[in-house]
2 protein chains.
Amino acid sequence: MRRTARILALTMVAALAGAGFFGRGPATAPTPSEAAVDAAATTGNPLDAIIQQRGLTPDEAEAALRTFVPPGKYDDFVMLASGGHSGNILVYGIPSMRLLKTIPVYAPDAWQGWGQGSSDAAEVLRKGSYRDGLPVQTWGDLHHPQASLTKGKYDGEWIVGTDKSAGRVAVVSMRDFKTKSIYKIPNVSSDHHGVFTDDSEYVIVSSFFPEPYDSPKGYAPLEAYREKYRGMVSFLRFDRTAGRIVPAESFQIELPPYFQDLSIAGRGPSDGLFFINSMNVEMATGGSLEGKPPMEIGASQREMDYLHVIDWRKAEAVAKDPAKTKTVNGMKVIPLATVVAEELMHFVPESKSPHGVDLCPGGEYVIVSGKLDPHISAYSVEKIRKAIAEKNFEGKDAFGIPILSYDATIEAHVETGLGPLHSVFDGEGNGYTSHFLDSTVVKWTIGPPYNPADKGWKVVDRVSVHYNIGHLQAPGSNTRKPWGKYVVALNKWSVDRFPPLGPLHPQNLQLIDISGPKMRVLSDTPSIGEPHNSMMMPVELLQAWTAYPEVGFDPLTMKTSEHATQQGQEKIVRQGNTVTVNGTLLRSHYTPDVIRVKQGDRVVFNWTNVETARDATHGFGLHGYNVNLSIDPGATERAEIVANRPGAYPFYCTEFCSALHMEFTGWLLVEPKS
Amino acid sequence: MRRTARILALTMVAALAGAGFFGRGPATAPTPSEAAVDAAATTGNPLDAIIQQRGLTPDEAEAALRTFVPPGKYDDFVMLASGGHSGNILVYGIPSMRLLKTIPVYAPDAWQGWGQGSSDAAEVLRKGSYRDGLPVQTWGDLHHPQASLTKGKYDGEWIVGTDKSAGRVAVVSMRDFKTKSIYKIPNVSSDHHGVFTDDSEYVIVSSFFPEPYDSPKGYAPLEAYREKYRGMVSFLRFDRTAGRIVPAESFQIELPPYFQDLSIAGRGPSDGLFFINSMNVEMATGGSLEGKPPMEIGASQREMDYLHVIDWRKAEAVAKDPAKTKTVNGMKVIPLATVVAEELMHFVPESKSPHGVDLCPGGEYVIVSGKLDPHISAYSVEKIRKAIAEKNFEGKDAFGIPILSYDATIEAHVETGLGPLHSVFDGEGNGYTSHFLDSTVVKWTIGPPYNPADKGWKVVDRVSVHYNIGHLQAPGSNTRKPWGKYVVALNKWSVDRFPPLGPLHPQNLQLIDISGPKMRVLSDTPSIGEPHNSMMMPVELLQAWTAYPEVGFDPLTMKTSEHATQQGQEKIVRQGNTVTVNGTLLRSHYTPDVIRVKQGDRVVFNWTNVETARDATHGFGLHGYNVNLSIDPGATERAEIVANRPGAYPFYCTEFCSALHMEFTGWLLVEPKS
């Protein structure tokens with residue numbers, strides 16, 4: 001088995017090093033079946049006339065009826081998808097695949113006033129940056145939004161999203177779907193993924209790129225990669241009341257300088273364990289102009305990479321012992337030597353350069369997809385625990401981490417196809433794996449106790465997608481409560497699936513019906529940004545506010561704002577060179593609507609929207625000074641400028657709010673100095 | 001007629017001054033009709049089983065089949081919608097209403113690399129700002145995207161979008177759907193709208209807020225509003241080869257300090273005329289904390305505002321005479337006194353505070369909707385020309401502009417409903433008007449030659465929308481070639497139409513089928529941003545590139561880039577403290593992938609994506625230095641940083657591009673100074 005995988009993998013690396021392997025031909029546009037047209041002509045069903053007129057095949061007509069959500073009705077599920085390097089989170093409805101919302105996180109959003117003049121958002125972005133001479137980050141690469149869990153099930157409370165570009169974790173409340181905090185994780189420059197533990201005690205974030213974090217000035221030459229660069233996994237205590245990371249109760253575990261990739265926290269039989277995929281155990285560093293192979297060759301030399309198995313409850317105890325940790329940049333770190341000495345981590349060989357590590361609903365099996373191996377590998381948690389207990393090792397890595405016997409831990413291989421990446425699960429004992437190269441979703445059966453032994457680990461169906469699927473997702477997959485019904489394929493390329501709108505193509509989200517014995521692609525949805533991964537939950541779990549619970553509410557702290565102004569209490573206060581405007585907004589005027597300052601004044605705007613009606617959001621768009629606030633009903637929002645240039649600057653409500661919205665205006669008058 | 005309108009309007013102002021007039025009740029969710037369920041049980045049609053299972057009414061099932069666009073097929077039309085204060089343009093497919101693309105214009109977009117580290121985008125944003133001590137603008141309020149016209153019809157070449165927040169005009173190419181330039185119009189701080197002339201000779205932009213542009217330091221106290229503040233209409237010469245505004249061939253016309261709102265350029269019988277709505281001819285300035293009425297009261301005192309009718313070809317000739325113009329901030333301006341002396345402009349009374357001014361397809365009638373008047377008003381261009389010729393005036397405004405006789409210019413009133421805002425047209429002699437207060441779209445017939453005299457100017461149908469519609473749009477409306485078939489209602493509020501996702505609600509785009517005698521709402525689509533207005537054209541008009549025409553292409557200039565690097569020519573060049581990286585990207589590596597610099601170096605990255613395959617976009621996400629480039633196949637993109645902080649900074653491809661995408665990485669090593 002392993003030999004075969006290796007040969008195939010090497011062949012594929014050679015093929016992949018070229019550029020021409022993608023499906024680039026035009027989509028075969030289905031033509032209406034003759035049968036359908038004939039039927040329409042004879043049945044007299046009024047719907048058949050439309051089907052005929054629009055040239056829909058029977059399958060297409062069925063898909064139309066299965067995906068349409070009538071005006072005024074709600075979708076069954078929402079999908080929280082990452083926006084990738086848009087730095088935001090996208091919320092889609094399923095089955096309509098309508099984009100219901102975007103949540104700005106790491107990048108400003110002028111419409112929502114996020115980072116576009118809002119003092120609070122500016123502070124969140126500033127705090128969530130590297131600092132020490134580096135610019136405030138105005139983007140992030142948000143790959144894997146994670147919804148908070150209570151006892152292993154979605155609770156509709158929080159979303160976290162980590163940032164591959166800067167090693168950060170952002171917290172979003174599902175009450176108002178706004179970002180509350182961004183935490184820059186010390187000692188790492190990157191992460192790919194962060195997950196909640198089964199009861200949201202921790203957000204666990206593994207670094208992707210290693211970093212010489214403990215070297216002087218954070219620098220070590222690339223030649224010292226093996227000695228000085230280190231990976232890291234961060235156990236960040238999550239305060240689920242405040243929706244904040246608590247650094248003082250968090251700790252980190254130093255890892256070898258591999259690329260640590262996706263991860264999953266155990267549940268049930270795997271409770272207390274944490275699994276991380278890795279790649280580049282070769283420790284290649286590139287150097288194409290320096291006579292070395294490029295990374296995609298250098299990082300694909302070895303047959304296997306290592307699945308990291310961490311006993312995190314044991315690590316949590318070790319982290320409490322000051323003798324066993326060091327503190328670097330304010331964070332407790334368990335050094336690699338201690339990891340070895342305390343037996344906190346074991347490796348399991350895994351097919352090289354894997355993408356997905358997924359846990360079946362009950363927590364019994366870890367599914368790994370080595371993208372250069374045409375199989376998925378299922379590891380038994382029971383066997384892993386046994387191999388650890390029996391010290392059934394086949395060696396150690398260069399840093400002394402014991403490597404468990406592959407044969408002792410593997411439960412099954414399933415030959416699913418080329419380029420397997422990720423697996424999700426329904427509630428009926430099936431797994432679904434994406435295949436980047438084959439452009440397929442393949443359905444297979446999980447072994448006992450999900451299916452009888454002779455029915456388990458078998459491919460039972462496959463469906464083509466378009467094109468080059470990365471992640472896929474199903475409602476409640478990778479939790480204790482999967483709902484099944486749909487899979488969404490998050491395809492990376494769309495090629496010719498949508499009308500030509502320039503060289504930047506959208507990605508393609510394909511909705512797949514998995515409710516029957518045969519999977520069926522229902523619809524194509526182009527997506528803005530790069531929805532890397534997602535989570536899906538029933539719409540009934542949503543418990544969001546539709547207006548803020550009181551007038552004068554601070555969306556950031558989710559408490560009454562100290563800067564709130566009630567109607568009738570509006571005023572303009574000058575103190576030295578600072579002019580503070582404590583004002584209100586109500587259809588269709590600002591109070592005050594004329595603000596007179598002098599050139600050079602600092603002007604602080606505290607605006608409270610005193611509306612209580614659902615949907616009565618107002619804006620504060622100030623000409624010239626680059627400010628636009630979006631002020632939801634009940635909210636207090638703040639902005640601050642220095643009135644450097646004299647002139648008459650209009651401001652106006654940017655959110656069309658009433659028939660007299662166009663009159664919802666005011667003036668900031670900046671009198672010249674002399 | 002006028003008296004009735006006045007009484008009704010005053011009543012409405014009183015009502016609107018309150019806050020509680022919106023439809024706030026829950027949507028009445030349609031229940032499946034008994035008939036449909038019964039039918040499904042008996043017909044044996046497989047589609048009926050789905051209809052029954054999903055509880056669709058017959059109308060809903062029909063809508064599903066009318067709006068569904070099967071996987072891999074294209075929509076019939078694209079809608080270019082503004083993103084409002086998102087500062088971008090949204091592209092939707094019709095009838096699926098799928099969001100096909102967003103085009104970043106005034107605000108950065110990390111996904112597309114626009115303003116997120118790209119040197120070129122940064123320069124476009126910088127040039128397109130006020131300057132003189134004001135910050136670089138990173139948002140805009142893009143209300144009315146306009147597609148370029150050739151002889152009055154869409155040509156699929158360019159889009160312009162003006163910015164209400166800063167008086168700017170941006171040009172987007174429909175070859176690559178990217179922004180090419182942003183032009184800050186001198187002497188204005190705002191605009192609401194800009195339109196192409198019939199053959200795209202000019203983009204004509206009227207200011208919304210007046211400005212004391214010709215006062216010392218650009219400032220005049222609000223008390224000098226009447227004397228010193230001026231509105232402006234800018235005739236900006238459009239170079240359709242380069243896609244740029246040509247300031248030297250442009251001119252401005254000074255206007256009274258009213259709020260000039262929407263506008264339309266004539267065609268056919270109205271060729272050479274330009275029409276602008278106005279509001280606040282009261283010249284109210286607010287002052288709610290200073291004992292004055294708020295703007296929505298102050299600006300609604302008079303019965304009528306003034307439709308501005310400008311003879312722009314005559315103005316163009318006057319602008320060429322230096323004796324008749326002044327030059328302010330580099331722009332030729334025709335002063336208000338010259339406007340009067342040369343008879344360049346006339347007013348026509350119009351129902352107060354209008355929103356829409358629209359021109360029927362042949363150019364014979366101007367349709368104005370005073371939002372406080374329950375009628376729409378149709379003015380005859382022939383009658384306007386006659387009244388001008390005969391000097392049939394009913395007075396002059398305070399600035400000496402002659403006011404044409406209302407009775408002599410009006411052709412018809414149509415009583416359409418409460419809160420009429422905007423009108424669009426099909427190709428069969430019908431107009432469609434949105435009503436903000438009634439939440440309706442009302443269909444009416446245009447008079448001769450579109451319909452016989454006895455059939456014209458009649459309401460023929462109305463349909464309810466949800467809720468509070470602003471603009472509406474139909475394919476090719478306000479051009480010489482309307483296509484009919486659909487109207488999209490751009491509704492401002494969605495209230496409870498979508499699942500609760502926080503206090504900021506989406507807007508609601510409703511697709512209406514206008515192909516039959518009765519209009520029918522087909523679908524609801526939540527929208528991100530604020531799609532204020534839009535333009536719709538058949539997908540066949542698109543002629544976009546799907547990859548750049550050559551490797552090393554500069555998307556900004558649309559020519560070969562002087563910074564392009566061909567494969568095999570990659571190098572790193574140091575010159576003093578500047579390190580220039582001339583590199584390439586090709587699945588799945590950067591050349592070079594290791595870049596060594598010293599702390600304090602300026603580093604210039606010139607990256608060329610040497611791919612030629614459709615959809616093979618790559619990214620350059622650089623940790624720590626806040627850079628993310630999106631580099632389309634063939635494109636050369638540039639970024640520049642100062643390497644202030646030492647460390648090992650990974651960079652990686654942010655656009656998932658191949659099975660070895662995760663290996664598509666590199667290192668920027670910043671060695672400490674000492």
Side-chain angles (χ1 to χ4, degrees), chain A residues 19 27 50 60 64-65 68 70-72 74 85-86 101 107 110-111 133-135 139 176-177 189 209 217-219 286-289 294-296 299 492-493 499-503 505 524 529 539 544 587-589 591-594 615 623-624 626 632 644-647 650 654 656 660 663 672, chain B residues 19 27 50 60 64-65 68 70-72 74 85-86 101 107 110-111 133-135 139 176-177 189 209 217-219 286-289 294-296 299 492-493 499-503 505 524 529 539 544 587-589 591-594 615 623-624 626 632 644-647 650 654 656 660 663 672:
Chain A
I50 303 168
E60 290 168 354
L65 294 169
F68 183 71
Y74 292 175
H85 44 295
S86 295
K101 186 155 201 141
W111 173 47
L134 290 175
W139 75 290
D176 61 1
F177 285 79
S189 66
F209 294 100
K217 299 192 179 187
Y219 172 83
S288 53
L289 272 195
M295 276 297 292
E296 83 262 35
K492 295 299 169 186
W493 286 36
L501 294 168
H505 290 55
D524 278 25
V539 73
R587 276 166 283 175
S588 300
H589 56 271
T591 307
D593 56 0
V594 175
D615 211 347
H623 287 243
N626 203 32
D632 288 328
N644 275 328
R645 201 181 78 160
T654 40
F656 201 111
L660 294 165
E663 287 82 353
Chain B
I50 302 168
E60 290 167 354
L65 294 169
F68 184 71
Y74 292 175
H85 44 296
S86 295
K101 185 153 202 143
W111 174 46
L134 290 175
W139 75 290
D176 60 1
F177 284 80
S189 67
F209 294 99
K217 300 192 178 186
Y219 172 81
S288 52
L289 271 195
M295 276 298 292
E296 82 261 36
K492 295 300 169 185
W493 286 36
L501 293 168
H505 290 54
D524 278 25
V539 74
R587 275 165 285 176
S588 300
H589 57 272
T591 307
D593 56 359
V594 175
D615 210 348
H623 287 242
N626 203 33
D632 288 327
N644 275 327
R645 202 182 78 160
T654 40
F656 201 113
L660 294 164
E663 288 82 353

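Note on naming: letters A, B, ... go to the chains in the order of the sequence lines (proteins, then strands), and numbering restarts at 1 for each one.
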Practice task
Could you tell me whether the side chain of B:Asp593 and the main chain of A:Ser288 form a donor-acceptor pair under 3.5 Å?
Solution key: yes
Practice task
Could you tell me which non-hydrogen atom of B:Tyr219 sits nearest to which non-hydrogen atom of A:Pro646, and how far apart they are?
Solution key: CB-CB, 4.5 Å
Handout entry: Check: A:Ala110 main-chain N/O paired with B:His85 side-chain donor or acceptor under 3.5 Å
Key = no
Exercise for the section: Name the option with the most non-hydrogen atom pairs under 4.5 Å to chain B; the candidates are A:Pro499, A:Ala107, A:Pro592, A:Pro672. Expected result: A:Pro499
Practice task
Identify the two heavy atoms, one from A:Met295 and one from B:Glu663, that lie closest to each other, and give their separation to 0.1 Å.
Solution key: CB-O, 3.1 Å
Completion exercise
Greatest number of non-hydrogen atom pairs under 4.5 angstrom with chain A, of B:Pro650, B:Gly286, B:Gly133, falls to B:Pro650
Practice task
Mind checking the NE2-CG spacing from A:His505 to B:Asp632? Nearest 0.5 Å is all I need.
Solution key: 9.0 Å
Completion exercise
When every non-hydrogen atom of A:Pro71 is compared with those of B:Asp524, the smallest separation belongs to CB-OD1, 3.3 Å
Fill in the blank from the handout: Correct closest heavy-atom pair for B:Asn626 and A:Trp139 would be OD1-CD1, 3.2 Å
Exercise for the section: Measure from the side-chain N and O atoms of A:His589 to the backbone N and O of B:Pro294, and report whether any donor-acceptor pair falls under 3.5 Å. Expected result: no
Completion exercise
Max heavy-atom pairs within cutoff under 4.5 Å with chain B, candidates A:Gly218, A:Pro500, A:Ala299, goes to A:Pro500
Completion exercise
Heavy-atom nearest pair, A:Leu65 first then B:Ala64, reads CD2-CB, 3.9 Å
Problem - Polar side-chain atom of A:Glu296 near backbone of B:Ser588 as donor-acceptor pair, under 3.5 Å - result: yes
Practice task
Over all heavy atoms of both residues, which pair between A:His623 and B:Ser189 is shortest? Give the atoms and the distance, please.
Solution key: ND1-O, 2.7 Å
Fill in the blank from the handout: Note: vs chain B, highest number of non-hydrogen pairs under 4.5 angstrom among A:Trp111, A:Phe209, A:Phe68 is A:Trp111
Practice task
Side-chain contact test, heavy atoms from C-beta onward, threshold under 4.5 Å: evaluate it for A:Thr591 versus B:Leu289 and give yes or no.
Solution key: yes
Handout entry: Nearest-0.5 Å distance that lies between atom CZ in A:Phe177 and atom CG in B:Leu501
Key = 4.5 Å
Practice task
To the nearest 0.5 Å, tell me how far B:Leu134 CG sits from A:Asn644 CG.
Solution key: 7.5 Å
